[in-house]
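Working notes, beginning with the structure itself.
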Amino acid sequence: MARLLPPARQRRRRYPGRLRVPDRAARAGVRHVLRTGVAWRDVPVEPLGCSGKVTAWRRLRDCLQAAVRPRPHAAPLSELRRADLLGLDDCAVDG
């Protein structure tokens, strides 16, 4: 999953600001919002390790702009096709 995420912006040399929150913590914040349906401002900082109001929301926005969403599904399929292990004789499509 990490190789599919958009690259992190480089920090400025002068006034670099805060350290970047790890991607795992930001994904946990996004998952929390998607699973529970709470508002971004109500994401608990302590157990997840990031602010939902800013950090998790911004990471979700960056991933959507970089079109990351279809890639986690397409990457394993292309690897299976290359290895000739993908059999489409029996398949189900759910929409």
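Worth saying up front: this structure is predicted, and the values here are computed from it rather than measured.
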Separation of Leu34 CG from His32 NE2 (nearest 0.5 Å):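 Nearest 0.5 Å value for the NE2-CG distance: 10.5 Å.
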Shortest non-hydrogen separation from Arg59 to Ala26 and the atoms involved: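 Result for this residue pair: NH1-CB, 3.4 Å.
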Val54: partners by side chain to side chain contact (heavy atoms under 4.5 Å, CB included), with sequence neighbours left out: Ser51, Arg58
Partner residues of Trp40 under the side chain to side chain contact (heavy atoms under 4.5 Å, CB included) criterion, sequence neighbours left out: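 Val30, Val33, Ala56, Trp57, Leu60.
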Arg24, CZ: over 12 other non-hydrogen atoms inside 6.0 angstrom: no
Neighbour count above 12 (heavy atom, 6.0 Å) for Arg35 CZ: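 Count not over threshold, so no.
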Validation row: Leu85, Glu79 side chains within 4.5 angstrom (heavy atoms): no
